[in-house]
Amino acid sequence: MYDLLVVGSGPYGLSIAAHAAAAGLSLRVQGRPMASWRDHMPSGMFLKSEPWASNLSDPEGRWRLDRYCAGQGVDARHGEPIPVGTFASYGLWFARNALPCEVDERPVTRLRARPGGFEAALADGEVLYARTVALAVGVLPFVRFPEALRGMDPEYVTHSSHHAELSRFLDRDVTVVGGGQAALETAALLAEQGTRVRVLARADRLCWNDVPPPLERPWWRAARTPHSGLGAGWRNWFYAERPGLYRRLPTGVRARVAATALGPAGAWWVRERVERAVELRLDQEIVRAREVAGAVHLDTVTRSGVPGVLRTGHVIAATGFTAAADRLDLLDEGTRARLTSGAAEAAGVGPLFESAVPGLFLAGLITAPAFGPAMRFVQGADYTARTLVRGVRHRLRGPAPRPRAPYARLAATVPPPAAPSSGVSEDSTPPAPTSGTGTGG
């Protein structure tokens, strides 16, 4: 029986595993490394976050993004976005160097609590046992569609996270729904390959992030608007650097922040590409969608009540993610019921990321209601990994960290880092901050 089973091997899962290994815990890590970044983002996308704010976490801070980039002959400079492909390759390099065990790519298909720990079934039928589990499943289980688009044929309606490439839409007519970074960058890539594309958004105007201020500034400018992994300014600094204090805010305040902070916005470097080549249809909400003669008909309405109709070949919903414990389908019914009934907040995590199910720890997007906006981005991985592993050790009532123990090598391996991708242009996913990276996992 393992001390800790980490389910998911994106930035959060790999960071947790690195800290757990350093603490001497017997460890198993399941899931395709960096799957969201490798398999669910088109070539040509860039990280929205600064390179210095996009590090995975290991206890000694040895395996940073800038170190990986230097070894690949790539500059990781402030104010210059990093290709998503480079970041995905960095995650594989981190896994090979920061973890003493190889990641087993077989997914966990069923997890249930049992006396003394947990039982996890893998896709091929093998069963694992662990005293504690860290769920770091990222954002993919939580894709969000507008109500009018739910249940439609994937031939006509997909989510932005469903596409590792966009070439299938060459010379077609596509409508991208949403006003955040994922929508705007997807639309720009489509336009640049020859797709007739438009952006349809409820907002009456798009929001664009400013060019970040230089790292080296007069002290009085830095004091007024400090840098953080979520953008400049004291509010963003608090979200990024003090998740533990954020958790102590009144529930109503946290709910308001969750609804308003770091809302949909495009990166400064994609603005000109969008405004030059993408049709914008703003202040329009979809009220009905239907397939008619091989196309999608969208009935829309403005805030003032003016109706409209749009015919398009395909709809890509770049409408983010909504984390909810009842969407964790890999949990058996009994475990999921205990998770959702244990607290008022989403999945109700405690100060050490432990859920209402003893020994079951949560990481990433699903913990944002408790720990704040940083948990929507790679920025939150360091605090999560350090705190969560402390919680695991507390649950196990283990001794102080001891030297790394030998680990059995698993059958599946992490492939060597690929060459950095070049691209025309992330977070890719949930609402974008001034400078934050999306995806948990």
Please work out whether the ring planes of Y90 and F87 are parallel, tilted or perpendicular, with thresholds of 30° and 60°.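 Plane angle between 30° and 60°, so tilted.
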Does atom [atom1] ([X]) have a neighbourhood of more than 12 heavy atoms from anything else shown, all under 6.0 Å?
X: R290; atom1: CZ; answer: yes
X: E272; atom1: CD; answer: yes
X: R67; atom1: CZ; answer: yes
X: R150; atom1: CZ; answer: yes
X: R224; atom1: CZ; answer: no
X: R114; atom1: CZ; answer: yes

With side chain to side chain donor-acceptor pair (under 3.5 Å) as the test, would you mind laying out the steps for T225 and R217 before giving the verdict? CA-CA 10 Å; T225 55; R217 297 175 290 163; 3.1 Å; yes
Looking at R393 and D3, is there a salt bridge between them, counting it only when a charged N and a carboxylate O are closer than 4.0 Å?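 No, this pair does not count.
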Nearest atoms (heavy-atom pairs only) where [X] meets [Y]:
X: R273; Y: L189; result: NH2-CD2, 3.8 Å
X: A20; Y: L4; result: CB-CD2, 3.6 Å
X: R336; Y: L331; result: NH1-O, 2.6 Å
X: A187; Y: V278; result: O-CG2, 3.8 Å
X: W208; Y: V270; result: CZ3-CG1, 3.5 Å

[X] [atom1] to [Y] [atom2] distance, which is reported to the nearest 0.5 Å:
X: R386; Y: D58; atom1: CZ; atom2: CG; value: 8.0 Å
X: L122; Y: L111; atom1: CG; atom2: CG; value: 10.5 Å
X: T384; Y: L362; atom1: OG1; atom2: CG; value: 10.5 Å
X: R242; Y: S228; atom1: CZ; atom2: OG; value: 11.5 Å
X: S9; Y: F94; atom1: OG; atom2: CZ; value: 11.5 Å
X: I286; Y: T175; atom1: CD1; atom2: OG1; value: 8.0 Å

Any L396 side-chain heavy atom under 4.5 Å of L25 side chain: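 Yes; the side chains approach each other to less than 4.5 Å.
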Please check if the side chain of [X] supplies one atom and the backbone of [Y] the other of a donor-acceptor pair under 3.5 Å.
X: T335; Y: A113; result: yes
X: R247; Y: P369; result: no
X: H227; Y: P214; result: yes

Only one of T319, V296, V157 forms a side chain to side chain contact (heavy atoms under 4.5 Å, CB included) with L149, so which one is it?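 Only one option passes, and that is V157.
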Given F371, which partner from the list F353, Y246, Y12 fulfils the ring pair (Phe, Tyr, Trp, His ring centres under 6.0 Å) test?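 Of the listed residues F353, Y246, Y12, the ring pair (Phe, Tyr, Trp, His ring centres under 6.0 Å) partner of F371 is F353.
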